[in-house]
*Asks:* 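Could you have a look at this structure, given as structure tokens, before my questions?
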2 protein chains.
Amino acid sequence: MARPKSTEARNEALAAAGGVVVDIGVGGFTVDEVVRRSGVAKTTIYRHWGSAQNLLFEAVEQLIVPEPEPNTGSLEADLREMGDFMLGIPTDIKVRSRRIFAGLLEGSIDDPTIAELFTRLHEERRRPVAAILTRAAERGEIDARYGVPPDLDTAVDVVVGPFFSRVLISDERLSEDDVDVWMAMIRRGLQAD
Amino acid sequence: MARPKSTEARNEALAAAGGVVVDIGVGGFTVDEVVRRSGVAKTTIYRHWGSAQNLLFEAVEQLIVPEPEPNTGSLEADLREMGDFMLGIPTDIKVRSRRIFAGLLEGSIDDPTIAELFTRLHEERRRPVAAILTRAAERGEIDARYGVPPDLDTAVDVVVGPFFSRVLISDERLSEDDVDVWMAMIRRGLQAD
DNA sequence: TGGTTTCGATACGAACTAGTATCGAAACGT
DNA sequence: ACGTTTCGATACTAGTTCGTATCGAAACCA
């Protein structure tokens, strides 16, 4: 053992790689761009990660942040909290999220490692919603069958789908009215018959 | 005038280009691949379209098929018809749709022409749903405000969102139960207070 | 301090892509 | 039948990317 691998160079390269994913997207990710931004030599990058794909994988992975999971004791308040969280996300963060999302979706089609990454991001988005619905079902606020699979999965799609449609796909701003309509839909739509 | 441009070569190239978009995706579209598949010379392709992007544009455009627009006279039946249509789409067509969708979403981020194409595809998907909701509002089956913008747009997101989430994003099969839950949601969720 | 390993820099090879140039052959209009 | 234009084929330029090779300098452990 002589000189250990510089964690400094590693961190700088990884940070730059994250910036590339955010600014350019998964599809336009290149090692050369990481080199340009970080100043870290290409040789060093390949010594650390072995391939461009490994670096991309770790760069995307670090960008996946856990979503908040409100647990106030009532469905209404949980949903309101989630809605407010969505409304409070700055525009530039939304743009970045959309870029990452689109790149992972496109990349996951023929790249299994990207597909796994996309699945992980996707699960992270669904997890808190599923928890909210399960608790609401236990409290009797919604039909019990929407609290456990397989109908839970369908219910989660119903809850998160409108947001995907509006924010990620249509690329339009989310208004307070949208959240109100969305909440009313869920309240009434998932009630027991 | 001597020899007119061969419509045969043009059609073969365009068909092959459509196949490339379907099989590989918008992101992996290359002229060389079209040449390989069609047998049409690269020179000829550039004589007809001028650039790879123009060919891609037209190839995608021809793949956008108009959606059915049920008009039975009742919201229930209109939704049921749309649901049945969705359920009846063969798996391979769904895979293809997802690939095109993902490619356009990713490509539209920094390519304005792709963005326009994506918008067109997206509008085509929303149009029949908006028409159904507007008629349902006129008949008094749902709250009147969901029949005209801007709440109509929100309502459309609520209706199509779950399908986007399940089919295009999660890449999971659509079951009859899903359609039932979805229909109940819309019926109850969009009712007048 | 000495030996080993990583570092950055530069250059390079291989593969792929957009688009152009060239050329003989074939097809079409007149 | 003749002239014009498109056709396919091939080669080419230029640019990009991944990944490797090389090398002197610097950093670290013992």
Side-chain angles (χ1 to χ4, degrees), chain A residues 1-60 103 106-107 109-114 117, chain B residues 1-60 103 106-107 109-114 117:
Chain A
M1 293 297 147
R3 177 181 175 178
K5 282 182 184 167
S6 160
T7 55
E8 194 178 346
R10 190 182 191 282
N11 290 339
E12 277 172 17
L14 188 57
V20 172
V21 170
V22 165
D23 295 342
I24 302 178
V26 174
F29 181 88
T30 65
V31 177
D32 286 332
E33 182 61 26
V34 176
V35 170
R36 266 189 291 274
R37 288 176 178 227
S38 66
V40 175
K42 206 195 229 181
T43 325
T44 304
I45 289 177
Y46 278 94
R47 251 191 288 258
H48 277 270
W49 283 278
S51 75
Q53 204 183 57
N54 288 344
L55 173 56
L56 171 61
F57 195 100
E58 195 171 336
V60 174
E106 158 85 340
I109 284 171
D110 39 30
D111 188 331
T113 65
I114 299 286
L117 223 42
Chain B
M1 293 296 149
R3 177 180 176 182
K5 281 181 184 166
S6 160
T7 56
E8 195 176 346
R10 189 181 192 284
N11 290 340
E12 278 172 16
L14 188 58
V20 172
V21 170
V22 166
D23 295 342
I24 302 179
V26 174
F29 181 87
T30 65
V31 176
D32 286 333
E33 183 60 27
V34 176
V35 170
R36 266 189 291 273
R37 289 176 178 226
S38 66
V40 175
K42 206 193 223 182
T43 326
T44 304
I45 289 177
Y46 276 94
R47 252 191 288 259
H48 276 269
W49 282 278
S51 76
Q53 204 183 54
N54 288 344
L55 173 57
L56 171 62
F57 196 100
E58 194 170 336
V60 173
E106 157 86 338
I109 284 171
D110 40 30
D111 188 331
T113 66
I114 299 286
L117 220 44

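Residue numbers start from 1 in every chain, and the chains themselves are labelled A, B, ... in the order their sequence lines are given, proteins ahead of strands.
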*Asks:* Look only at the side chain of A/Glu33 and the backbone of A/Val20, and say whether a donor-acceptor pair between them is shorter than 3.5 Å.
*Replies:* no
*Asks:* How long is the line joining CZ of A/Arg36 and P of C/dG8, in whole Å?
*Replies:* 17 Å
*Asks:* As a test of reading the structure: which of D/dT17, D/dT20, C/dT17 is closest to the side chain of A/Thr30, going by heavy atoms?
*Replies:* D/dT17
*Asks:* Could you give the OH-to-P distance, from B/Tyr46 to C/dA21, as a whole number of Å?
*Replies:* 13 Å
*Asks:* Round to the nearest Å and state the distance from B/Arg10 atom CZ to D/dC7 atom P.
*Replies:* 11 Å
*Asks:* Between P on C/dA18 and CH2 on B/Trp49, what's the gap in Å once rounded to a whole number?
*Replies:* 15 Å
*Asks:* Calculate the interatomic distance between A/Leu56 atom CG and D/dG19 atom P; express it in whole Å.
*Replies:* 11 Å
*Asks:* Taking the side chain as every heavy atom from C-beta outward, state whether A/Glu12 and A/Thr44 have any pair of such atoms under 4.5 Å apart.
*Replies:* no
*Asks:* Which one of A/Gln53, A/His48, A/Arg10 satisfies the side-chain hydrogen bond (donor to acceptor under 3.5 Å, both in side chains) criterion with A/Glu58?
*Replies:* A/Arg10
*Asks:* So, is A/His48 near the phosphate of C/dC7, with a side-chain N or O under 4.0 Å from OP1 or OP2?
*Replies:* yes
*Asks:* Going by modelled atom types, is there a donor-acceptor pair between the base of D/dG19 and the side chain of A/Lys42 at under 3.5 Å?
*Replies:* yes
*Asks:* What is the distance from CD1 of A/Ile24 to P of D/dT17, rounded to the nearest Å?
*Replies:* 9 Å
*Asks:* On a heavy-atom basis, which atom in A/Ile114 and which in A/Gly107 lie closest, and how many Å separate them?
*Replies:* CG2-C, 3.5 Å
*Asks:* On DNA chain D, compare the nucleotides closest to A/Gln53 and B/Gly39; which residue's is nearer the 5' end?
*Replies:* B/Gly39
*Asks:* B/Arg47 has a side chain; which of D/dT6, C/dG19, C/dT17 sits nearest to it?
*Replies:* D/dT6
*Asks:* Can you tell me how far C1' of C/dT6 sits from CD of A/Glu12, to the nearest Å?
*Replies:* 15 Å
*Asks:* Given atom CD of B/Glu33 and atom C1' of C/dA15, what is their separation to the nearest angstrom?
*Replies:* 15 Å
*Asks:* Counting only side-chain N and O atoms of B/Thr43, is one of them less than 4.0 Å from OP1 or OP2 of D/dG8?
*Replies:* no
*Asks:* Would you call B/Val40 and B/Val34 a side-chain contact if the rule is heavy atoms closer than 4.5 Å?
*Replies:* no
*Asks:* Which nucleotide wins on minimum distance to the side chain of B/Ala52, given the candidates C/dA18, C/dC7, D/dG8?
*Replies:* C/dA18
